[in-house]
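Accompanying notes for the structure given below.
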Amino acid sequence: MTGTVINIDRVVKRFGTFTALHEVSLDIAENEFFTLLGPSGCGKTTLLRCIAGFEPVSGGQIRLHGEDIAPLPPFKRPVNTVFQHYALFPHMTVLENVMFGLQRLGWSVVDAEGRAKQALELVHLSQFLKRRPGQLSGGQQQRVALARALAPEPKVLLLDEPLSALDLKLRQAVRMELKQIQRETGIAFVFVTHDQEEALTMSDRIAVMSDGHVQQIGAPREIYEAPANRFVADFIGETNLIEVPVLGISDGMAEVSLPGGRALRCPTPLSRAVGQGVLSLRPERIDLCPASEADLTVIATDQVYLGTDIQLKAQLAGGQEMTVRLQNAEATRLPERGTEVGLKLEAGAARLLSA
Amino acid sequence: MAAMAPGGASSSEIYKGNASRLLLPTWVVIGVFLLVPVALMATYSFLTKEFRGGVIWEFSLAAYDQFFLDRGLFGDEPPRIEWTFITIFWRSIWQAGLATLLCLLIGFPTAWFIATREARMRTVWLLIVTVPYWVNLLIRTVSMKFLIRDEGPLNAMLLWSGLIDQPLGLINTNLAVQLGLFYSYLPFMVLPIYAAVERYDFALSEAAADLYAGRWTTLRLVILPVVKPGLIAGCILVFVPSLGAFLAPDLLGGAKSFMIGSLIEEQFKGAAGNWPFGAAAAMILMSIVMVVLLVYARSQTREAKA
Amino acid sequence: MKQLDLRRFPGFFAITLLCVVVLYAPLLVVSVYSFNASTSITNWGGVSLEWYVDVFTGPESPKFQRAAMNSLIIAVLAGLCATLIATSAAVAMHRAGRFKGKTATFALINLPLMVPEVVTAVASLIFFTAIGFSGGVGTILLAHITFCIPFAYLPIAARMQSVPDSYEQAAMDLYATPWEAFRLILLPLMMPGIFSGFLLAFIISLDDFLITNFVKGAGVETLPTAIFGAVKQGIKPNIMAISTLMLGVSVVFVTLSWLIGRSGQAKT
């Protein structure tokens, strides 16, 4: 089943005169890996802390299975958090840390110990029960924090940038493991991160946030391929943003005039015609072509070798910079610096957004 | 613990409504047993003295008058400046200042030496320098008196070695008082300087050496200015308690090294007790200390802003 | 070429040694002379424990024992009270966020450090006389609690500063009530600071002469006032034995607090 576990309804959070969340609304489904993605200061951590109960909301409601939990203090919410720097109790052993929540819920020591051991088994840490957090590596601490938050079987697990303190290699390994644990336990995860790669690889759905607003909610593919606005297009992945005149819009398709005069039909989230729009062109969906077939004509200015890819920097006639990503195949031929190059827009390369 | 405010709470919010309850004991104890007494003392300095100690509740400026003005034996001469007490205060400031300087001259190299040891040795050295501070101040002062008496071990050793042919006569001098003050408060100088040197970035010394500064030039132009906050903090911590010190001047000094502490003590203990006068002298001492601390606090905030 | 060590200054080590000699010579000399068999404090008459025997059985021993008892009781009680008050103040100052009068409260806590000791002594004497309170040990105890508060506060507040409030948040996230979060998480983590605070307050109370001398009731003595009274009539060998004993107690306490501080660090 896929009922809604958390319903966030027009939640407002103000700190003095600063508004961190502007009427944020979203639903999180059971069994879902849900990510709040955005640059620092966008309000994603604040929203997480509102769900956990560490920040009282200034307006709106947060419902857990339909019940408003706003009046409940954190220790009465069936929701647990993996903290950014784990916040493992330094004076307790690993086992005591994991048993802590269970004991507060009134479990007997024996039962709590059994469950805690299960939780630690889930994260492959059964051999460290008697250690103190200070004697563990960063990755191990992260697993203890996860086990501690999972042990009470919360309705929702909140994760506040839990991978940010780990190094790159470890981070990549833990991503897959987290996703797997989420599937195994079937608990809804709400994951906060500023790292788009992390968000794209793990999430069932992503909410992109900026300046206290939710910009778009959708599956990773949707967010990447059909960004709702300029911010999302620019924040997720690489893109070229070019201002173009709009000729007409109907049924989710727009007709625009490209620099150089050719007309192009592309999808758009806009519903009514606007005079000017922004065209988002994904660099990896642009290819080189002979000048006669070209949608756009540019002058090559520079190239950056990236291993799997080669990035071609170019300039439109108006002086605007463009980036094209070419696969590094043996046959790839790169234009000389300063020469004119024709560019072909492949299907799904372009999307019209509001200016 | 009190009920939770509705709407959830951050952990700091658990205690938010309770700040006043948690602080009540502090306010009451320090308020009633320090703030009120100091206010009362200020009041006493403006009252009339009762012979055999205490006061009569009648407003009078006699205490301050007696402190600053000399009106002759019978109080009928035109007032001149009374130098007796001003001299005692001036001497106290001078003595405390010299003790501070002594602490600084010895304390800085010591703190530097300790802070540049490897981590393990640093703790050991710090312990060595601070342990004497934890020994009772009276006992330390008595020990110093015992050591430097004319018949004491120091003179005995020097006489025996033939370095001197009669005792140094150190006891009951200003120098003995300075030595005692130095001995009492040296750790107060070493610890803040140590903290400053420990934070000092030695890349600065390397940069100075790279730019042709010698060792001592680096000390003067780079190190001292950078650790200055530590030096000033140390000086304040030594100077303030030295100024009102009682034990070192009383036990080690003679009549010529009479300081504020003893002057005030006499007004409340001796037969010549004069409570309003003692309160006035204490007020003047406190004013001096408060001015020093205020100037320090202001320079700190100015530094923080810059 | 010899490598230039920028950390080394010629003469600094010698000054450090001088410093250590000056700090320890008086204590060492007194300790040695406390074992002097001669009744004169000037001449050396061989090693003996007679002055230690005298301290416990001699004609002055009841006086000093009573004084020592007073000192100990006052120091324990003043240390405990000051630590309790300071702990509660530290929790408010570091966990209650911003509130009205916080800066003033901070100044108030540190006031006993800023007011010169002799001024505190005079003010306390005047206050206790004015309210007609001459409770002997009582006045001393109240005065000691007051000036011990900032000393107890310093290590406790320093410790609290190093305990981020995310621990308590994590505890509450794991269903601990605020009281449990305090008792199970904050209090144990603060414990090394609280212990150092108590030891510091205890030693400061034991150390005090000036304020005690002003506020003590007639006939009530603490060890420092008793020793001061005796020293006024000249330094006698039994004083040196008492001094050496107190020196030993101090060293034990410092070592203890150092070890506790270190174990507290090792755990976190």
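Computed over heavy atoms, backbone and side chain alike; hydrogens, waters and symmetry mates excluded. Each chain gets a letter, A, B and so on, in the order the sequences are listed, and its residues count up from 1. This structure is a prediction, so every number in the text was calculated from the model and none was measured.
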With a 4.5 angstrom heavy-atom cut-off, could you sort out which part of Y200(B) is near chain C: side chain, backbone, both or neither? neither
Measuring heavy-atom distances to chain B, does D208(C) have an atom under 4.5 Å in its side chain, in its backbone, in both, or in neither? neither
Please enumerate all residues that pass salt bridge (charged side-chain N to carboxylate O under 4.0 Å, His left out) together with R8(C), with sequence neighbours excluded. D5(C)
Atom CE of M114(C) and atom CG of L294(B): how far apart are they, to the nearest 0.5 Å? 9.0 Å
Show every donor-acceptor pair shorter than 3.5 Å between a side-chain atom in residues 24-43 of chain B and any protein atom, with sequence neighbours excluded, or say none if there are none.
| residue | atom | partner | partner atom | Å |
| --- | --- | --- | --- | --- |
| W27(B) | NE1 | T105(C) | OG1 | 3.2 |
| T43(B) | OG1 | A39(B) | O | 2.8 |

W275(B) side chain to I126(C) backbone, donor-acceptor under 3.5 Å: no
Pairwise side-chain contact, M290(B) with V115(C), heavy-atom cut-off 4.5 Å (strictly under): yes
Kindly assign one of parallel, tilted or perpendicular to the pair W112(B) and F12(C), based on the angle between their ring planes and the thresholds 30° and 60°. perpendicular
Answer with side chain, backbone, both or neither: which region of I148(B) has an atom nearer than 4.5 Å to a non-hydrogen atom of chain C? neither
State, to 0.1 Å, how close S250(C) and N136(B) come at their nearest heavy-atom pair, and which atoms those are. OG-N, 4.3 Å
Chain C contact via V129(B) - side chain, backbone, both or neither, heavy atoms under 4.5 Å: both
For each of L125(C), V32(C), L18(C), tally heavy-atom pairs with chain B at distances under 4.5 Å, and name the one with the top tally. L125(C)
Side chain, backbone, both or neither: which part of I223(B) has an atom under 4.5 Å from a heavy atom of chain C? side chain
Short question: side chain of S143(B), backbone of V30(C) - any donor-acceptor pair under 3.5 Å? no
Given the rule in the salt bridge (Lys or Arg N to Asp or Glu O under 4.0 Å) test, do K232(C) and D250(B) qualify, once you have shown the distances and angles that lead to the verdict? CA-CA 10 Å; K232(C) 275 290 169 185; D250(B) 190 81; 2.6 Å; yes
Contact part of L186(B) toward chain C, heavy-atom cut-off under 4.5 Å: side chain, backbone, both or neither? side chain
Nearest 0.5 Å, please: how far is CE in M93(C) from CG in L23(B)? 6.5 Å
Do I260(B) and V118(C) come within less than 4.5 Å of each other through their side chains, counting heavy atoms only? no
Quick one: does any side-chain atom of Y183(B) pair with a main-chain N or O of P26(C) as donor and acceptor, under 3.5 Å? no
One should read off an interatomic distance between F268(B) CZ and N213(C) CG, to the nearest 0.5 angstrom, of 13.0 Å
For L293(B), is it the side chain, the backbone, both, or neither that has a heavy atom closer than 4.5 Å to a heavy atom of chain C? side chain
Please rank G278(B), A19(B), A156(B), A281(B) by heavy-atom pairs under 4.5 Å with chain C and give me the top one. A19(B)
Do V251(C) and W134(B) touch side chain to side chain, with heavy atoms closer than 4.5 Å? no
